[in-house]
Amino acid sequence: MPPEAPNRQKSLGVVHDMFLDGLQECVADDDCIILMETGHEKLRHQVGGATIITSTEFCVLNLATIVLKKAREILNNPEWNTQVDY
């Protein structure tokens, strides 16, 4: 069996970060790239997220976390929680 290529030995997280690092080289200093994704598991569990990429940094956002934070703020209850799948 041939030896594994070096890139195949890297974890998916490392490869993803390398991809984002490469995109950063394409972004002007006063601009950004926004990648969004949504999906579901048998219509039971909704998922969503976004990645914001600038020339100097990137940030990964999770929809469930954002919504929970906003609901707690609106309810003025930092302990409030919900179930995100049905």
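All of these numbers come straight from a predicted model, not from anything done at the bench. In this chain, numbering begins with 1 at the start of the sequence shown.
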At what distance, to the nearest 0.5 angstrom, does CG of L23 lie from OG of S55?
12.5 Å
Nearest-0.5 Å distance that lies between atom CH2 in W80 and atom CG in L75
6.0 Å
Rounded to the nearest 0.5 Å, what's the gap from CD1 on I53 to CG on L35? Could you check?
4.5 Å
Non-hydrogen side-chain atoms of N81 and R72 separated by less than 4.5 Å:
yes
CG of L63 to OG1 of T65, rounded to nearest 0.5 Å, is 8.5 Å
Under 3.5 Å donor-acceptor, Q24 side chain and T54 backbone
yes
State, with a plain yes or no, whether a side-chain heavy atom of F58 is found less than 4.5 Å away from one of I33.
no
dist L68:CG -> E73:CD (nearest 0.5 Å) comes out at 11.5 Å
From CE (M36) to CD1 (I52), nearest 0.5 Å
10.0 Å
In terms of heavy-atom contacts, does CG of D31 have more than 12 from other residues, nucleotides or ligands at under 6.0 Å?
yes
For D29, look at atom CG and say whether over 12 heavy atoms of other residues, nucleotides or ligands are found less than 6.0 Å away.
no
Flag side-chain contact, heavy atom, 4.5 Å: I34 against T51:
no
